[in-house]
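Heads up: the structure comes next, in structure tokens.
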Amino acid sequence: MATDTLKSRADSGSSAAGGFGRLLLDNGALTALIVLVIALSVLSGDFLTTDNLLNIGVQAAVTAILAFGVTFVIVSAGIDLSVGSVAALSATVLAWSATSHGVPVALAVVLALATGIAAGLVNGFLTAYGKLPPFIATLAMLSVARGLSLVISGGVPIPFPDSVSHLGDTLGDWLPVPVLVMVVMGLLAAFVLGRTYIGRSMYAIGGNEEAARLSGLRVKRQKLAVYALSGVFAAVAGVVLASRLSSAQPQAADGYELDAIAAVVIGGASLAGGTGKASGTLIGALILAVLRNGLNLLSVSAFWQQVVIGVVIALAVLLDTVRRKAGATPVAAGTGGGNRGKQAATYGLAAVVTVAIVGATSFLHSGSASAGPKLGLSLSTLNNPFFVQIRDGAQAEAKKRGVDLTVTDARDDASQQADQLQNFTSSGYGAVIVNPVDSDAAGNSVKAAGKAGLPVIAVDRGVNKAKVAALVASDNVAGGELAAKTVAEKLGGKGRIVVLQGQAGTSAARERAEGFARGLKKYPGIKVLAQQPADFDRAKGLDVMSNLLQAHPDVQGVIAANDEMALGAIKALGAKAGRSVQVVGFDGTPDGLKAVKDGSLYASVAQQPTQLGRIAVTNALKALDGGKVAPMVKVPVKVVTRENVAGFTG
């Protein structure tokens, strides 16, 4: 009897342990989110504040809305790589029709949603009736939608209608509208998956498409509907994103399709199809937002942030594999009331445990004070030597003055930069330095920082529709004129040239192109054979120049909107560079100056980026101390040639 009792207790203990393990396995994403929240609450006293938690909600909103749509596709064993581009196209259609063509805003919103549906239907048709793999069909739509967005906008951001821009505001000065939209779209996704015929069809198709077809399900029609739904959610996400930025950016949401897919997979959906829930997708999007927010607050390098997020995605897929091998299958939404009750209890218990532990950790940070002033620097990209030099100059000055400087990389994404500026605003920083991805898109975030009492210094590019304490910059337009003058005079006022433009939609590309055009007007003997964008990238500069040489082998000069493209052009020109073809770059980067020394690059219009960084930090500290700051601090550009390169320091 005693032996039986002991065995019974052991079995019950083992069963309890196994049940707890299965609970963690079945709710891996929720467990990961709880661990992240607790860890970041311990590591950063700025994480667990109302403002910061609302920031996380806003930053998760666009990814979550996109991911809800992608959930439909993945549940049905498909993939949709086009949602980021469709979001940008839908927002562009809305802004273009409402502001440029006087279409009533309500009708413009309908046109934006119709654009998303149309893109989704094309994806569905190519997949279901054209028999194209979903990867190929949606990859093609990714390119088509992005191209159409650039064509419609002309590569220039379009102001968003004020009546729609309120979607990026807050209710009662505290509740962000994007969070409300995210919740509404999440509930709609959960309803579609759990309570509708098409939702059940998604699970059936994803589980076994052939069995679904033999059961009488019209698989092809259902696929059309699935991709159309994904397009609708992408359109809504695009409108919310553009509302936050107060403008439709043709390059907006670039790469967001990967975040959306990652959120779905992290949330427990299987890429093999047949499983997935809207609640899991929301948790996946929150995990990505919490990670980015927390890593920013902890001043983790922008490069390491990408590594960490990649590792999290890989672990999520690995967990999915382990879960399936262990036989742990997420329950489809809407099946089984008992399971829904168990899920609700699980989420409730998780919330209670999280609040209790986080509340306890808050005592670790109570009464703590910052040792000195904290500055935040948000750069448009660190994938370009010019901006790396700005960072280096800023860091050197901050170190000299004993200041804590946090540097973030927006990766040429105006939305990511808005998130970073929000984090600085709500996390105890004394002042903010911003190098805008786009001058219009940064306006709302800079206004919010100003309302919070943070002085903002703009560096290299100005901020539109918002007041900054100072702009530390060279004049891109004047620099462009100087580049045109330099190449024209080298050619004796007559010759044939090509122009390599920067990334379409960015203010630097527009301003430098304007300067080139102004400068060349003064030299009627200079003929522009072609103007093509090469996206500020050396490899693209090489490719574009190689292509142009096929059509224009008689070219005599090249103006490039930065040194990276100029160096790519030099590679394409080979022995012609510096001899029969004169190349002028822009920025004065170390590699550019090296090419000037060896004669392959005739000149670079140098902006002295290191000085830009140093002066920006100096002015930020002056503004923080209440000192008088000049609203415009000009750092002169300088044409660097072989004759004066030895004395140029940058």
Side-chain angles (χ1 to χ4, degrees), residues 61-70 72-73 80-101 103-125 137-168 177-178 181-182 184-185 188-189 224-257 259-260 413-415 438 441 504-505:
V62 173
T63 298
I65 295 168
L66 285 174
F68 291 139
V70 173
F72 301 141
V73 179
D80 192 347
L81 300 177
S82 68
V83 289
S85 296
V86 171
L89 176 59
S90 300
T92 301
V93 166
L94 194 163
W96 174 76
S97 58
T99 60
S100 301
H101 293 274
V103 175
V105 171
L107 180 57
V109 171
V110 172
L111 287 175
L113 295 177
T115 300
I117 293 172
L121 287 174
V122 171
N123 284 335
F125 180 83
T138 58
L139 183 63
M141 179 55 68
L142 177 152
S143 181
V144 170
R146 185 68 65 184
L148 287 174
S149 179
L150 288 165
V151 168
I152 292 171
S153 66
V156 178
I158 305 174
F160 225 50
D162 291 338
S163 56
V164 186
S165 289
H166 291 310
L167 286 174
V177 176
V181 177
M182 175 181 69
V184 170
M185 298 306 290
L188 178 59
L224 281 176
V226 167
Y227 281 96
L229 276 171
S230 179
V232 170
F233 276 70
V236 173
V239 172
V240 171
L241 176 59
S243 299
R244 284 192 66 202
L245 304 177
S246 292
S247 61
Q249 306 275 329
Q251 292 286 8
D254 187 21
Y256 279 36
E257 57 278 348
D259 277 359
D413 183 344
S415 178
D438 181 84

Specify the closest pair of heavy atoms between [X] and [Y], including all atoms of both residues, with the distance to one decimal.
X	Y	result
Glu257	Asp80	CB-O, 4.4 Å
Arg146	Ala88	NH1-CB, 3.4 Å
Ala61	Pro178	CB-O, 3.6 Å
Ala67	Ala260	CB-O, 3.6 Å
Leu66	Tyr256	CD1-CB, 3.7 Å
Phe160	Ser165	CB-OG, 3.5 Å

Is the shortest heavy-atom distance from the side chain of [X] to the side chain of [Y] under 4.5 Å?
X	Y	answer
Pro161	Thr99	yes
Ile152	Leu89	yes
Val236	Leu113	yes
Val70	Phe233	no
Val177	His166	no
Val105	Val164	yes

Say whether [X] and [Y], considering side chains only, have a donor N or O and an acceptor N or O under 3.5 Å apart.
X	Y	answer
Thr92	Ser153	no
Asp438	Ser247	no
Asp413	Ser415	no

Please check if the side chain of [X] supplies one atom and the backbone of [Y] the other of a donor-acceptor pair under 3.5 Å.
X	Y	result
Ser97	Leu94	yes
Thr115	Ser90	no
Arg244	Leu167	no
Thr138	Leu81	yes
Ser149	Ala145	no

Gap separating the [atom1] atom of [X] from the [atom2] atom of [Y], nearest 0.5 angstrom:
X	Y	atom1	atom2	answer
Asp162	Ser243	CG	OG	10.5 Å
Leu241	Thr63	CG	OG1	9.0 Å
Leu150	Gln249	CG	CD	11.0 Å
Met141	Asn123	CE	CG	5.0 Å
Leu229	Phe68	CG	CZ	14.0 Å

